[in-house]
Amino acid sequence: MALKRTKIVDIFSPELVGEQVCVKGWVRTRRGNKHVQFIALNDGSTIKNLQIVIDLEKFSDEELKPITTGSSLHVEGTLVASQGKGQTVEVQAQTIEVYGTADPDEYPLQKKGHTLEFLREKAHLRMRTNTFGAVFRIRHHLAFAIHKFFNDKGFFYMHTPLITASDCEGAGDMFQVTTLNLADLPKNEDGTNDYTKDFFGKPTSLTVSGQLEGELGATALGAIYTFGPTFRAENSNTPRHLAEFWMIEPEVAFNDITDNMDLAEEFIKYCVQYALDHCQDDIEFLNNMYDNSLLDRLHSVLKEDFVRLTYTEGIKILEASGKKFEFPVSWGVDLQSEHERYLVEEHFKRPVILTDYPREIKAFYMKQNDDGKTVRAMDVLFPQIGEIIGGSEREENYDKLIGEIERRGIPMKDMWWYLETRKFGTVPHAGFGLGFERLILFVTGMANIRDVIPFPRTPNNAEF
Ligand code: 4AD
Ligand code: MG
């Protein structure tokens with residue numbers, strides 16, 4: 001009977017020592033001398049490689065020649081305690097089958113130590129490196145943690161549409177979705193495009209957020225969260241923006257802004273703790289390779305209460321800072337990453353939740369404060385990242401909401417279904433959106449958002 005494969009993550013257990021094992025994976029390195037060769041084998045299940053020991057008396061040159069970096073192997077042999085440094089066990093190979101070779105003259109990952117920029121051009125292979133293996137295992141565990149957090153709290157996972165006919169959110173420019181022939185567009189008499197001939201009979205786009213539909217869910221199921229891709233066609237080439245990113249949006253009936261802040265803080269801390277508990281090897285690797293303050297930063301976020309203050313108080317601190325910002329600050333301006341990071345990294349030295357932003361710089365659906373100037377918004381600001389969460393208590397008053405929609409000139413006909421939540425059994429409610437990749441940036445210490453999603457979509461980049 002064929003021997004069952006053991007994943008490398010499961011092989012470092014003392015009970016297996018002395019057993020026959022079968023392992024499969026990709027060769028990371030091969031080295032050795034005339035008598036014995038050592039292969040570092042990795043199968044993606046862990047950052048750890050398994051050492052395969054090859055006694056050259058047992059294998060011919062012919063058999064060993066195709067075993068080069070990047071080739072894929074099926075190895076059977078005895079698991080033994082290792083004498084060497086850096087590993088506890090190793091496999092003494094008895095049989096080796098090469099599944100696929102990787103020509104050393106062509107394989108892009110033949111050498112170690114490539115830059116992250118180079119590896120971005122090789123996104124189809126970069127998951128085979130230690131760094132990206134670590135990042136994407138952490139990404140998985142964080143996704144799982146998010147579902148667990150909300151499931152344990154009794155939230156329902158809601159799937160909101162990716163194709164939408166409304167641009168109500170105003171969160172950013174949208175990607176249009178159409179089946180019309182762009183080279184031969186059907187026209188109305190006045191020369192505009194005739195969208196009645198389009199697939200949905202009207203113009204449609206990819207969603208920038210699932211929030212508005214999420215509110216429909218929350219005002220029925222009580223507490224929901226969405227977790228899916230969102231799309232923004234803004235031309236912002238920064239280390240923190242993607243054109244396609246994943247967002248988690250909880251929405252809770254009967255929550256006010258304080259409940260919302262409590263939920264956001266508990267949620268992020270849960271995710272960070274989960275990653276520390278389940279991704280220790282990978283986080284340690286990233287800490288040692290890229291950023292040796294990563295672990296300290298993760299632990300300090302867990303320890304500290306997030307500072308909570310109003311936008312107005314935040315502006316006062318920034319104005320009094322005496323710092324020369326690239327974008328000058330005064331009450332009413334939208335905060336830039338440099339301002340957010342000053343508050344978090346220099347002034348308070350811990351995460352900050354800013355609330356009560358000026359009405360004019362925030363979305364139409366946010367609950368209006370009595371001062372007539374501010375809304376019950378909240379942004380969570382993080383070290384190294386800036387804004388990681390944006391959210392608010394929602395305006396539940398039908399007349400106030402309509403007033404704001406009209407004032408902004410948002411086409412009302414697109415909004416009728418949203419407005420009915422306020423017409424029929426309206427309730428106070430609140431929610432927020434966490435940018436999944438920004439959370440991963442924080443947890444991995446990576447500096448560029450293109451390095452925490454397998455196939456980043458940014459302006460001029462959709463190769464893979
Ligand atoms: O602040 P935003 O635009 O809020 C919303 O979309 C609301 N509908 C959320 C809600 O209340 N339900 O986006 C939320 C978060 C930001 O704080 C940021 O972390 C992330 O999404 N984000 C991006 N991440 C990567 N690339 C982009 N282009 C992003 N834009 C926003
Ligand atoms: Mg925002």
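In listed order, ligands and their atoms are each counted from 1.
Relative ring orientation between Phe231 and Phe175 is described as perpendicular, the plane-to-plane angle rising above 60° on a 0-90° scale split at 30° and 60°.
Remark: the backbone N or O of Val375 is not paired with any side-chain donor or acceptor of Asp371 at under 3.5 angstrom. Side-chain N or O atoms of Arg232 include none that pairs as donor or acceptor with a backbone N or O of Glu244 at under 3.5 Å.
Of the listed options Arg232, Glu249, Gln211, Glu244, Arg232 places a heavy atom closest to atom 6 (O) of ligand 1. Comparing Glu234, Arg394, Glu251, Met366 against atom 11 (O) of ligand 1, the shortest heavy-atom distance belongs to Arg394.
With sequence neighbours left out, Glu106 forms a side-chain contact (heavy atoms from CB on, under 4.5 Å) with Asp103. When the side-chain hydrogen bond (donor to acceptor under 3.5 Å, both in side chains) test is applied to Asp152, the partners found at least two apart in sequence or on another chain are Lys148.
Here the side chains of Asn287 and Asp291 are not in contact, with every heavy-atom distance at 4.5 Å or above.
In terms of N/O distances under 3.5 Å, ligand 1 is not approached by Ile449. By the 3.5 Å distance cut-off applied to N or O atoms, Val208 is not counted among the residues near ligand 1.
Contacts between Tyr365 and ligand 1 below 4.0 angstrom, taking non-hydrogen atoms only, involve the side chain exclusively. Contact annotation for Glu387 and ligand 1: heavy atoms of both the backbone and the side chain come within less than 4.0 Å of the ligand. Here Thr230 has no heavy atoms under 4.0 Å from ligand 1, in either its backbone or its side chain. Under 4.0 Å from ligand 1, the heavy atoms of Phe245 that appear belong solely to its side chain.
The ring-ring contact (aromatic ring centres under 6.0 Å, His included) with Tyr225 is formed by just one residue from the set Tyr157, Phe267, Phe156; it is Tyr157.
In the displayed structure, Phe200 atom CZ is contacted under 6.0 Å by more than 12 heavy atoms of other residues, nucleotides or ligands.
When ring centroids are compared, Phe227 and Phe436 come within the 6.0 Å threshold.
Heavy-atom contacts of Arg240 reach the following atoms of ligand 1: 25 (C), 26 (N) (cutoff under 4.0 Å). Close contacts between ligand 1 and Gly435 involve ligand atoms 15 (C), 19 (O), 20 (C), 21 (O) [criterion: under 4.0 Å to a heavy atom]. Residue contact check: Gly391 has heavy atoms under 4.0 Å from atoms 11 (O) of ligand 1. Here is the list of ligand 1 atoms found below 4.0 Å of a heavy atom in Gly390: 1 (O), 9 (C), 10 (C), 11 (O), 17 (O). Distances below 4.0 Å separate heavy atoms of Met247 from the following atoms of ligand 1: 6 (O), 13 (O), 14 (C), 15 (C), 21 (O).
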For residues 299-307, run the donor-acceptor check on the side chains, cut-off 3.5 Å, and write out each pair with its distance to 0.1 Å, sequence neighbours left out.
residue	atom	partner	partner atom	Å
Ser300	OG	Arg297	O	3.4

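For a distance threshold of 2.8 Å, the protein N, O or S atoms nearer than that to the Mg ion (ligand 2), listed by chain and number, are Glu387 OE2.
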Inset, instruction - Begin from the C-alpha positions of Glu346 and Lys323 and carry the test salt bridge (Lys or Arg N to Asp or Glu O under 4.0 Å) through to its verdict. - result: CA-CA 11 Å; Glu346 296 184 48; Lys323 246 193 116 97; 3.3 Å; yes
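When all heavy atoms are compared, the tightest approach of Met247 to Val208 is CE-O, 3.7 Å.
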